[in-house]
Amino acid sequence: MEANVPKRKETRKSLRIKVISMGNAEVGKSCIIKRYCEKRFVPKYLATIGIDYGVTKVQVRDREIKVNIFDMAGHPFFYEVRNEFYKDTQGVILVYDVGQKDSFDALDAWLAEMKQELGPHGNMENVVFVVCANKIDCTKHRSVDESEGRLWAESRGFLYFETSAQTGEGINEMFQTFYSAIIDLCDNGGKRPPSSVGVGFTKEQADAIRRIRNSKDSWDILGVKPGATRDEVNKAYRKLAVLLHPDKCVAPGSEDAFKAVVNARTTLLKNIK
Ligand code: GTP
Ligand code: MG
């Protein structure tokens with residue numbers, strides 16, 4: 001009888017990838033990388049000068065990957081040094097500090113810098129982005145909440161993780177998911193697989209949530225002019241309620257936005273004859 005010899009597992013070619021970190025100075029880019037690669041945290045701020053480069057081997061699913069990490073300096077002073085490093089990148093770790101609203105608002109400018117450096121033929125679509133909302137251990141100073149960060153990331157098809165380089169929370173999970181998405185991208189010939197592109201909510205829903213979050217008063221929330229009639233208020237309310245109803249809308253922050261819309265209508269109708 002033939003022995004039941006298990007088949008030798010086919011070893012797939014190991015992958016080499018390039019990953020860069022982006023985000024304002026002092027948000028914790030270097031500490032996130034250090035926490036993952038060296039399992040330690042350095043409380044003292046040592047600004048990255050230009051670029052720090054490192055190579056690490058990691059095992060993700062059944063694959064071994066060799067990761068070339070280019071950890072960029074966030075300070076504007078180093079623009080001339082880091083601008084050469086954007087090309088041929090498969091993954092970007094985009095970091096902000098949840099206690100520094102400026103660093104969150106700067107994310108668009110970081111994407112714009114990368115886009116500009118890649119030039120007209122560069123393809124940002126086929127890069128895996130992971131957004132790290134970092135320093136979540138500093139709960140007292142939090143100024144960007146989870147739904148706001150998640151909405152920004154997911155409406156662009158980016159991954160989103162809440163992290164703390166200090167405690168290690170979210171760091172391993174973030175890197176595993178990030179590398180896994182890069183493997184899928186490489187296995188798909190360098191193109192983002194279709195399954196990872198859909199976000200489950202529309203741009204109209206994301207824009208409405210953002211607009212409501214930034215509204216000053218109830219008129220603003222419903223998008224009507226002060227002095228609008230009951231009919232106008234009700235019409236605007238119905239449109240937003242359909243768009244944002246939690247049964248229909250899965251966008252981060254939709255529940256709060258929906259509540260704000262209901263409250264705004266109630267407040268306005270009390271005062272309109
Ligand atoms: P540049 O290299 O200048 O662009 O900064 P960076 O983004 O690499 O920041 P770095 O990792 O050097 O961290 C900046 C400061 O924030 C340091 O003092 C870190 O100790 C601190 N820090 C980083 N991550 C965390 C975190 O998750 N929690 C807390 N409490 N502090 C953190
Ligand atoms: Mg650094």
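When a ligand or atom number is given, it counts from 1 through the structure's own listing order. Side chains included, hydrogens not; waters and symmetry mates left out as well; all remaining heavy atoms used. Everything numeric here is computed off the predicted structure, so don't read it as measured data.
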Student: Heavy-atom contacts with A73 under 4.0 Å: which atoms of ligand 1 show up? List them by number with element.
Tutor: 4 (O)
Student: Which protein heavy atom lies closest to atom 27 (O) of ligand 1, and at what distance to 0.1 Å?
Tutor: A165 N, 2.8 Å
Student: E38: which residues meet the salt bridge (Lys or Arg N to Asp or Glu O under 4.0 Å) condition with it, sequence neighbours left out?
Tutor: R40
Student: Listing request: all salt bridge (charged side-chain N to carboxylate O under 4.0 Å, His left out) pairs with a residue in residues 149-168, at least two apart in sequence or in separate chains.
Tutor: D108-R156, R142-E162, E146-R150, R150-E154
Student: Looking at D97, is its backbone amide N or carbonyl O close enough to the side chain of Q100 to form a donor-acceptor pair, meaning the two atoms are under 3.5 Å apart?
Tutor: no
Student: Is the contact between K44 and ligand 1 made by the side chain, the backbone, both, or neither, using heavy atoms and a 4.0 Å cut-off?
Tutor: backbone
Student: Looking at atom 11 (O) of ligand 1, what's its closest protein heavy atom, distance included?
Tutor: C31 N, 2.8 Å
Student: Give the atom numbers and elements of ligand 1 that come within less than 4.0 Å of a heavy atom of F41.
Tutor: 20 (O), 22 (N), 23 (C), 24 (N), 25 (C), 31 (N), 32 (C)
Student: What protein heavy atom sits nearest atom 9 (O) of ligand 1, and how far away is it?
Tutor: G28 N, 3.2 Å
Student: Evaluate the side-chain proximity of F161 to V131: yes if any heavy-atom separation is below 4.5 Å, no if none is.
Tutor: no
Student: Could you list which atoms of ligand 1 come closer than 4.0 Å to a heavy atom of D137?
Tutor: 26 (C), 27 (O), 28 (N), 29 (C), 30 (N)
Student: Could you tally the protein N/O/S atoms lying less than 2.8 Å away from the Mg ion (ligand 2)?
Tutor: 2
Student: Any cation-pi pair here, K235 with Y237, using under 6.0 Å and within 45°?
Tutor: no
Student: Counting from 1, what ligand 1 atoms have a heavy atom of Y45 closer than 4.0 Å?
Tutor: 1 (P), 3 (O), 5 (O), 12 (O), 14 (C), 17 (C), 18 (O)
Student: Cation-pi check for F41 against K34: NZ or CZ below 6.0 Å from the six-membered ring centre and within 45 degrees of the axis, yes or no?
Tutor: no
Student: Under 4.0 Å, heavy atoms only, figure out whether ligand 1 is touched by the backbone of S164, its side chain, both or neither.
Tutor: both
Student: Taking CD in E204 as the centre, count heavy atoms belonging to other residues, nucleotides or ligands within less than 6.0 Å. Is the count above 12?
Tutor: no
Student: Are G23 and ligand 1 in contact, using a heavy-atom cut-off of under 4.0 Å?
Tutor: no
Student: Is there a donor-acceptor pair under 3.5 Å between the side chain of E232 and the backbone N or O of T229?
Tutor: yes
Student: Please determine whether a side-chain nitrogen of the Lys or Arg among E148 and R210 lies less than 4.0 Å from a carboxylate oxygen of the Asp or Glu.
Tutor: no
Student: Based purely on interatomic distance, does P43 place a nitrogen or oxygen under 3.5 Å from a nitrogen or oxygen of ligand 1?
Tutor: yes
Student: Got a sec, which residues hit side-chain hydrogen bond (donor to acceptor under 3.5 Å, both in side chains) with Q166, two or more places apart in sequence or on another chain?
Tutor: none
Student: Out of all atoms in ligand 1, which are within 4.0 Å of some heavy atom of N134? Include the element for each.
Tutor: 24 (N), 25 (C), 27 (O)
Student: To the nearest 0.1 Å, how far is atom 5 (O) of ligand 1 from its closest protein heavy atom, and which atom is that?
Tutor: E26 N, 2.9 Å
Student: Is the closest side-chain heavy-atom distance between D256 and K259 below 4.5 Å?
Tutor: yes
Student: Does K101 pair with D105 as a salt bridge, N-O distance under 4.0 Å?
Tutor: yes
Student: For S30, take its heavy atoms, then give the atoms of ligand 1 lying under 4.0 Å from any of them.
Tutor: 8 (O), 11 (O)
Student: One residue to check: S21. Relative to ligand 1, which of side chain, backbone, both or neither has a non-hydrogen atom less than 4.0 Å away?
Tutor: neither
Student: What atoms of ligand 1 come within less than 4.0 Å of a heavy atom belonging to V42?
Tutor: 19 (C), 20 (O)
Student: Which residue supplies the protein heavy atom nearest to atom 21 (C) of ligand 1, what is that atom called, and how far is it?
Tutor: K135 NZ, 3.9 Å
Student: Atom 7 (O) of ligand 1: which protein heavy atom is closest, and how many Å away?
Tutor: K29 NZ, 2.8 Å
Student: With a cut-off of 4.0 Å, which atoms of ligand 1 are near a heavy atom of G74?
Tutor: 1 (P), 4 (O)
Student: Quick check on Y79: does its OH atom have over 12 non-hydrogen neighbours (other residues, nucleotides or ligands) under 6.0 Å away?
Tutor: yes
Student: So with a 6.0 Å cut-off around CZ of R211, is the heavy-atom count from everything else above 12?
Tutor: yes
Student: Same cluster or not: V19 versus V128, using hydrophobic residues (I, L, V, M, F, W, Y) connected whenever any side-chain heavy atoms lie under 4.5 Å apart?
Tutor: yes
Student: Please check whether V27 reaches ligand 1 - meaning an N/O of the residue sits under 3.5 Å from an N/O of the ligand, judged on distance alone.
Tutor: yes
Student: Taking D137 for the side chain and S164 for the main chain, is one N or O donor matched with an acceptor at less than 3.5 Å?
Tutor: no
